[in-house]
Visitor: 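Mind looking over this structure? Questions follow.
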Amino acid sequence: MLILCTNDDGYLAGGLAVLAEAAAGLGTVHVVAPDREQSATSHSLTMHHPLRAKLVRPGVHHVDGTPTDCVALAVGALLGARPDWVLSGINHGSNMGEDVLYSGTVAGAMEACILGIPAVAVSYAGRDADRIPSYLPLLSKLLPRLMRAGFPAETLLNVNLPPIDPAAVKGVRVTRLARRVFTDTLTRGKDPFGREYFWIGGGTAEWSAPEGTDAHAVQAGYVSVTPLHLDLTNHALLADVEAWGLEG
Ligand code: MN
């Protein structure tokens, strides 16, 4: 079994090393990851300049592009064979609720999904990335349970690990996405030349996280597993919009 590992924190990130190590027991692992931090690059694809891949050591490439670029290059050229699975992460930080729309980690798995390859994105829902290696045993047990035969098509799994000691994890919850209700992330300031700037980021997420959501599970000390698909169609609204008579 050929497993492609990628991420959005860059090929040197500790979380990626843990993911690759957890996957190593399941097949041949090949890492193709960005050469630098690419968090929150979402599903962007580099089309206006060339991309370069460098073999860092056997089985590890870095690419001067986004996670989506990495998956495209890996599958199209670098691996020499189509991977059976794509694993993305372990992201240094949560990817819950609307975060999945901005996340480079989740986008890596989405790109695999578009290419028809089953994929799992894994994120650690805390800022203390030093704890991620302690999740190796848990992840080594969880991955083969997720990467099962007959994995549904056009689906990826989005996993979030709670920011607690893995020994205290209560179990696994299958969840839906929570909703972000408020995050104070826009900072306005003056640069050293007196020019105004804006800076997006930081802040603390506030969640609308009823029972059954990813954020609720993580806050309660569970590993969250959310099945995602890429069809953004609002199926429930199709008939209503048809009734508007737009089609003449
Ligand atoms: Mn990241």
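Counting starts at 1 for both ligands and their atoms, in listed order. Worth saying up front: this structure is predicted, and the values here are computed from it rather than measured. Position 1 is the first residue of the sequence, and the numbers go up from there.
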Visitor: Check this for me: does any side-chain nitrogen of one of K190 and E196 sit under 4.0 Å from a carboxylate oxygen of the other?
Guide: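 Not counted as a salt bridge, because no side-chain N and carboxylate O are separated by less than 4.0 Å.
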
Visitor: State whether R180 and E206 are salt-bridged, where the test is any N-O pair (Lys NZ or Arg NE/NH1/NH2 against Asp/Glu carboxylate O) under 4.0 Å.
Guide: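 Looking at R180 and E206, the cut-off is not met.
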
Visitor: Parallel, tilted or perpendicular for H62 and Y11, by the 30°/60° rule?
Guide: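 The rings of H62 and Y11 sit tilted, inter-plane angle from 30° to 60°.
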
Visitor: Suppose clustering is done on Ile, Leu, Val, Met, Phe, Trp and Tyr with side-chain heavy atoms closer than 4.5 Å. Which residues sit in the same group as W207?
Guide: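 When side chains under 4.5 Å apart are linked, the cluster holding W207 also contains M96, V218.
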
Visitor: Could you grab the protein N, O or S atoms closer than 2.8 Å to the Mn ion (ligand 1) for me?
Guide: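 D8 OD1, D9 OD1, S39 OG, N91 OD1, with waters left out.
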
Visitor: Answer yes if L136 and V223 sit in the same cluster of Ile, Leu, Val, Met, Phe, Trp and Tyr residues linked by side chain heavy atoms under 4.5 Å apart, and no otherwise.
Guide: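 Yes, L136 connects to V223 through the hydrophobic network.
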
Visitor: CG of D69 to OG1 of T46: how many Å apart, nearest 0.5 Å?
Guide: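 OG1 of T46 is found 3.5 Å from CG of D69.
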
